[in-house]
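One structure is given below, encoded as structure tokens.
Order of the sequence lines sets the chain letters (A, B, ...), proteins ahead of strands, with each chain counted from 1.
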Amino acid sequence: MANAKSKTTAAANPMPGKDVVIVESPAKARTIGRFLGSDYDVIATKGHMRGLASKGMNVDIENDFEPTYSLERGSGVVLTEIKKKVRRADIIYLATDPDREGEAIAWHLLEALGPKALAGKEVRRVVFHEITRSAVDEAFADHGVLDMDLVMAQQARRILDRLVGYTVSPVLWRTVRRGLSAGRVQSVALRLTVDREREIEAFNPVEYWSVLTRLAKSADSSLKFRATLHAIDGKGGDAKSGRYLVNNQEESAKLVADLEASAYQVTKVVKRETKSRPTAPFTTSSLQQEAARRLRFNAERTMRAAQGLYEGIQLGSGDPVGLITYMRTDSTNLATTAVAEIGDFIKNKYGADYFGRPRVYRTRSKNAQEAHEAIRATSVMRTPESIATHLSSDQRSLYDLIWKRMVASQMTDSVSDATTVDIEATGGPSGTSYTLRATGSVLKFQGFRAVYVEARDTITESDDSEENGSDTSRSLVPLDEGETVNLDELKSEQKFTRPPARYSEAMLIRTLEENGIGRPSTFAGIVSTIERRVYVEREGTRFKPTMLGIVVSDYLVQWFPDIMDTGFTASMEEKLDEVSR
DNA sequence: CAGTGAGCGAGCTTCCGCTTGACTT
């Protein structure tokens with residue numbers, strides 16, 4: 001549609017030129033440019049073009065916190081380019097991202113252009129949340145003006161961060177060591193690792209004995225299955241894990257003596273159908289977490305590979321093709337056109353049973369601004385296999401994840417039969433009765449599991465897997481209520497409860513995001529900041545605070561408790577929302 | 001007279017969030 005739009009104003013301009021469209025990223029400029037056709041010059045600002053210079057505070061505290069902005073290094077050439085194009089345009093379309101920073105980027109550009117360059121020009125704000133032809137056409141048809149309340153909110157955020165960072169950091173130079181830093185985001189991240197370390201130090205391991213049995217059917221002793229202790233004399237153990245924990249060797253010895261002399265009978269068999277849902281398409285943070293779990297990529301490596309896929313890959317002849325949507329996003333939404341395409345693909349490739357109706361996902365992160373789509377493949381038809389040869393090995397692995405997660409997110413639930421069997425053990429020397437429990441699960445219908453299942457966190461490192469045993473599909477031998485079974489093997493081992501795990505990079509990012517701290521564009525950077533300051537160091541894949549980190553965190557908690565609170569950013573965001581209404 | 005050293009002042013470090021290249025580590 002936009003292509004066909006005639007330009008009625010062009011005739012009045014002595015130097016007829018193209019109208020100018022401003023976006024943030026060059027890759028986006030290329031795509032939008034294709035949609036809009038040759039009547040438009042689409043130019044990228046490459047992020048913020050103006051800001052607070054890093055040298056000096058540049059905020060006048062005496063004078064209503066007036067900021068002093070200057071042109072960013074490298075933005076001079078971009079500004080010259082834009083000026084040149086604007087001179088010959090009638091209309092300037094501000095198509096920066098539809099969020100607080102995007103609004104500010106557009107406003108700063110107008111400020112940098114100045115009234116002379118803008119004289120006689122019409123300025124239109126256009127917003128789209130996805131880069132599809134229809135979304136762009138609609139945005140251009142329904143234009144508005146800059147939202148100055150949003151710009152004010154962005155400036156408040158920016159000024160607050162400057163004041164906090166540039167006031168508190170020098171305190172650290174004087175009291176701890178020169179060159180140190182503190183800030184609304186990095187200092188909370190540091191504190192999380194320090195608090196966790198304290199929990200670990202304060203942790204008292206508690207002894208327990210794990211009881212694991214193997215039983216066999218009386219009717220056929222080759223049919224064996226495992227069961228764990230569930231209750232003693234009808235009194236249950238931990239409600240969540242369904243296990244009863246024995247506290248000491250004495251209890252364990254009594255239990256072993258009893259169980260070895262007991263008779264076993266199946267008392268209850270409960271079978272029920274369970275369904276599970278696919279996970280939402282990727283956001284920046286969930287992509288970083290999953291790439292860490294499955295590919296062992298750190299956040300930086302993930303973002304580098306994603307950037308390449310986004311910017312475009314040469315697939316045979318012709319222009320490079322952007323293979324994924326924007327990789328810095330907090331949204332789990334998929335464009336309607338994409339969902340339709342994915343649905344057709346699923347029906348064709350896997351069958352109608354695998355596609356129900358379009359699924360919509362809610363973002364779970366606080367302060368999500370949802371300026372973009374979720375991270376998805378730009379076309380489901382470009383399967384990972386079909387383009388593999390054009391990609392680097394990192395890009396290939398990451399694209400595979402993104403494509404599969406996107407497809408799976410629109411597939412039907414998986415269905416399993418879950419069986420829970422209780423076995424009563426009685427007749428031991430102490431006269432106690434024990435309940436053992438065996439569980440099994442059989443996958444009846446794969447649904448989304450045919451394509452992709454999210455990896456699980458390895459919270460504890462290498463417990464023997466039969467103990468962790470919540471496999472998605474582990475069958476149980478057929479058992480009937482009332483039948484007798486025999487003890488085949490009995491194991492009781494001394495164990496100790498474990499302290500909470502240190503943060504991995506992905507866990508830290510997830511925790512920050514859950515608290516609304518940091519943004520998709522900064523998650524990877526936050527981690528490298530606290531590492532560069534040597535506030536934390538890696539122990540394996542986990543972060544351990546250094547002495548310096550602990551000293552700094554404790555000092556800041558003592559003297560700047562507000563800033564060190566995870567709720568600080570949340571309350572800042574609330575107030576910024578009031579500014580932007 | 002030349003070399004030494006006390007004392008003083010100036011300059012430097014730093015934030016968060018948006019985005020890509022630019023090159024010298």
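Remark: C1' of B/dT19 and CE of A/Met49 are 11 Å apart, rounded to the nearest angstrom. Atom C1' of nucleotide B/dT19 and atom CG of A/Leu79 are separated by 16 Å, given to the nearest angstrom. Taking atom CD of A/Glu72 as the reference point, atom P of B/dT19 lies 13 Å away to the nearest angstrom. For the pair A/Leu52 CG and B/dG17 C1', the interatomic distance rounds to 12 Å; values are reported in whole Å. Rounded to whole Å, atom C1' of B/dC15 lies 11 Å from atom CD1 of A/Ile563. Rounded to whole angstrom, the span from the NE2 atom of A/His108 across to the P atom of B/dG17 amounts to 15 Å. Between A/Ile526 atom CD1 and B/dC18 atom C1' the separation is 14 Å, expressed in whole Å. Following rounding to the nearest Å, A/Lys55 (NZ) and B/dA10 (P) show an atom-to-atom distance of 14 Å.
Among the heavy atoms of the strands lying under 4.0 Å from A/Gly47 is at least one base atom, whether or not backbone atoms are also near. Nucleic acid contact class of A/Ala44 (heavy atoms, under 4.0 Å, all strands): none. Across all strands, A/Gly51 comes closer than 4.0 Å to no nucleic acid atom at all (heavy-atom distances).
OP1 and OP2 of B/dT19 both lie 4.0 Å or more from every side-chain N or O belonging to A/Thr45. For the OP1/OP2 pair of B/dG17 and a distance below 4.0 Å, the side-chain nitrogens and oxygens of A/Thr522 include at least one atom meeting the criterion. Residue A/Arg328 has a polar side-chain atom (N or O) positioned under 4.0 Å from OP1 or OP2 of B/dT20. Taking only side-chain nitrogens and oxygens, A/Ser25 comes nearer than 4.0 Å to OP1 or OP2 of B/dT20. Regarding contacts with the backbone of B/dT14, a side-chain N or O of A/Arg533 is found under 4.0 angstrom from either OP1 or OP2. Of the side-chain N and O atoms in A/Lys46, one or more sit less than 4.0 angstrom from OP1 or OP2 of B/dG21.
For the pairing with A/Val407, the side-chain contact (heavy atoms from CB on, under 4.5 Å) check across A/Thr383, A/Ile402, A/Val380 returns one residue only, A/Val380. Residue A/Ile22 forms a side-chain contact (heavy atoms from CB on, under 4.5 Å) with just one option from A/Leu110, A/Thr96, A/Val86, A/Ile105, and that option is A/Thr96.
Both A/Ser187 and A/His372 lie close to DNA chain B; mapped to their nearest nucleotides by heavy-atom distance, the more 5′-ward contact belongs to A/Ser187.
In this structure, the side chain of A/Gln289 engages the main chain of A/Ser285 through a donor-acceptor pair within 3.5 Å. For A/Asn58 (side chain) and A/Lys55 (main-chain N/O), a donor-acceptor pair under 3.5 Å exists by modelled atom type.
A distance of 10.5 Å separates CD in A/Gln186 from OG in A/Ser528, rounded to the nearest 0.5 Å. One finds the CZ atom of A/Arg293 at 4.5 Å from the CD atom of A/Glu454 (value rounded to the nearest 0.5 Å).
Taking the centre and axis of the six-membered ring of A/Tyr503, the NZ or CZ atom of A/Arg196 falls inside the cone set by 45° and 6.0 Å. Cation-pi geometry between A/Arg533 and A/Tyr535 is not satisfied (NZ or CZ under 6.0 Å from the ring centre, within 45° of the ring normal).
Here the nucleotide nearest the side chain of A/Ser181, chosen from B/dT20, B/dC15, B/dC18, is B/dC15.
Non-hydrogen atoms lying under 4.0 Å from DNA chain B are contributed by A/Arg157, A/Arg158, A/Asp161, A/Arg162, A/Gly165, A/Tyr166, A/Ser169, A/Pro170, A/Trp173, A/Arg178, all within residues 152-178 of chain A.
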